[in-house]
Peer 1: 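Below are the structure tokens for one structure; questions will follow.
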Amino acid sequence: QEQLVESGGGLVQAGGSLRLSCAASGRSFTTRTTAWFRQAPGKEREFVAAISQGGSVTRYADSVKGRFTISRDNAKNTVYLQMNSLKPEDTAVYYCAVGPRPMYNIVVHSSDSYTYWGQGTQVTVSS
């Protein structure tokens, strides 16, 4: 079992930065693929970024590539999403998710690849 808690959201001007954190409890967190998704009002949930169990492999949606960085600190049971050069279209509720399978064997952008989800943290980017 896992419990995921996101934090670090807030209001920021376009071009600014935020760092989101996803803190997890549970014995198997360090062995799982972890991802960030987001959902904006009136839109479907979309994939943002994913990171392998060991933290050495990352994947990003084209819309955030070069601006966002996902990382993890397994000693702290925490995954981060550093968001730079934020745009108004980044405004959404951001969710972290954990799946039981290694990254090479899943479709990283699919919600079905993940078992546990946090409650989300709001990110608002003003223009």
Side-chain angles (χ1 to χ4, degrees):
Q1 60 180 340
E2 295 282 356
Q3 182 177 355
L4 308 177
V5 180
E6 302 95 336
S7 62
L11 174 64
V12 65
Q13 283 267 35
S17 298
L18 287 172
R19 188 179 76 159
L20 307 184
S21 298
C22 174
S25 62
R27 298 181 67 250
S28 298
F29 180 74
T30 61
T31 67
R32 299 186 180 194
T33 303
T34 307
W36 288 93
F37 287 75
R38 66 187 182 187
Q39 188 166 19
K43 302 184 73 174
E44 296 293 323
R45 183 184 298 175
E46 66 172 334
F47 169 77
V48 177
I51 189 165
S52 62
Q53 298 96 320
S56 61
V57 181
T58 58
R59 297 287 185 270
Y60 298 93
D62 288 342
S63 60
V64 307
K65 193 176 300 180
R67 299 188 298 120
F68 291 11
T69 302
I70 188 171
S71 62
R72 72 191 305 156
D73 185 343
N74 287 339
K76 297 180 179 179
N77 284 340
T78 302
V79 172
Y80 305 97
L81 185 68
Q82 178 67 46
M83 305 185 295
N84 298 326
S85 301
L86 282 162
K87 305 174 180 180
E89 50 263 47
D90 295 318
T91 296
V93 177
Y94 283 70
Y95 301 90
C96 62
V98 176
R101 298 162 63 190
M103 181 176 285
Y104 74 87
N105 200 36
I106 65 171
V107 180
V108 297
H109 64 267
S110 173
S111 297
D112 292 340
S113 296
Y114 304 93
T115 303
Y116 299 100
W117 294 80
Q119 295 301 304
T121 185
Q122 175 70 232
V123 172
T124 302
V125 184
S126 65
S127 59

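Because the structure is a prediction, the values reported are computed rather than measured. These values consider heavy atoms only, across backbone and side chains, with no hydrogens, waters or symmetry-generated copies.
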Peer 1: Rounded at 0.5 Å granularity, tell me how far CD in Gln82 sits from CD1 in Ile70.
Peer 2: 12.0 Å
Peer 1: Between Arg32 (side chain only) and Ala97 (backbone N and O only), is there a donor and an acceptor less than 3.5 Å apart?
Peer 2: no
Peer 1: Do any N or O atoms from the side chain of Thr33 and from the backbone of Gly99 form a donor-acceptor pair under 3.5 angstrom?
Peer 2: no
Peer 1: Tell me the disulfide bond (SG atoms under 2.5 Å apart) pairs involving residues 33-89, sequence neighbours left out?
Peer 2: none
Peer 1: Find the distance between OG (Ser7) and CZ (Arg19) and round it off to the nearest 0.5 Å.
Peer 2: 9.0 Å
Peer 1: Using the side-chain contact (heavy atoms from CB on, under 4.5 Å) criterion, which residues pair with Asp112? Sequence neighbours excluded.
Peer 2: Ser110
Peer 1: Any ring pair (Phe, Tyr, Trp, His ring centres under 6.0 Å) pairs touching residues 60-83, not counting sequence neighbours?
Peer 2: none
Peer 1: Which pairs, with at least one residue in residues 90-127 and sequence neighbours excluded, count as a disulfide bond (SG atoms under 2.5 Å apart)?
Peer 2: Cys22-Cys96
Peer 1: Given a cutoff of under 4.5 Å between side-chain heavy atoms of I, L, V, M, F, W and Y, with clusters grown through shared members, what are the other residues clustered with Val108?
Peer 2: Phe37, Phe47, Val57, Val93, Tyr95, Met103, Ile106, Tyr114, Trp117
Peer 1: Which residue pairs pass the disulfide bond (SG atoms under 2.5 Å apart) test when at least one of the two sits in residues 47-84, sequence neighbours left out?
Peer 2: none
Peer 1: List for me each residue that meets salt bridge (Lys or Arg N to Asp or Glu O under 4.0 Å) alongside Asp62, sequence neighbours excluded, and say none if there are none.
Peer 2: Lys65
Peer 1: Ser126: what forms a side-chain contact (heavy atoms from CB on, under 4.5 Å) with it, not counting sequence neighbours?
Peer 2: Leu11, Gln13
Peer 1: Provide the full list of disulfide bond (SG atoms under 2.5 Å apart) pairs with a residue in residues 35-83, sequence neighbours left out, each pair given once.
Peer 2: none
Peer 1: Keeping to residues at least two apart or across chains, list the side chain to side chain donor-acceptor pair (under 3.5 Å) pairs with something in residues 41-50.
Peer 2: Arg38-Glu46
Peer 1: Which atom names give the shortest non-hydrogen contact between Lys76 and Thr78, and what distance separates them?
Peer 2: O-OG1, 2.9 Å
Peer 1: For Gln122, what residues pass the side-chain hydrogen bond (donor to acceptor under 3.5 Å, both in side chains) criterion, not counting sequence neighbours?
Peer 2: Thr124
Peer 1: Verify, without hydrogens or angle tests, whether Thr121 (side chain) and Gly9 (backbone) share a donor-acceptor contact under 3.5 angstrom.
Peer 2: yes
Peer 1: List the residues meeting salt bridge (Lys or Arg N to Asp or Glu O under 4.0 Å) with Arg67, not counting sequence neighbours, and say none if there are none.
Peer 2: Asp90
Peer 1: How many angstroms lie between atom CG of Asn74 and atom CD1 of Ile51, to the nearest 0.5 angstrom?
Peer 2: 8.0 Å
Peer 1: For Glu89, look at atom CD and say whether over 12 heavy atoms of other residues, nucleotides or ligands are found less than 6.0 Å away.
Peer 2: yes
Peer 1: Which atom pair, heavy atoms only, marks the closest approach of Gly8 to Leu18?
Peer 2: O-CD2, 3.9 Å
Peer 1: Return the minimal non-hydrogen interatomic distance between Pro88 and Ala14, and the atom names on each side.
Peer 2: CD-CB, 4.1 Å
Peer 1: Please report the interatomic distance CG(Leu81) to OH(Tyr94), rounded to the nearest 0.5 Å.
Peer 2: 7.5 Å
Peer 1: For residues Ser52 and Ser56, report the shortest heavy-atom separation together with the two atoms involved.
Peer 2: OG-N, 3.4 Å
Peer 1: Grab the two heavy atoms, one from Ala92 and one from Ala40, that are nearest each other, plus how far apart they are.
Peer 2: CB-N, 3.8 Å
Peer 1: Determine whether a donor-acceptor pair (N or O, by modelled atom type, separation under 3.5 Å) exists between the side chain of Glu6 and the backbone of Gly120.
Peer 2: yes
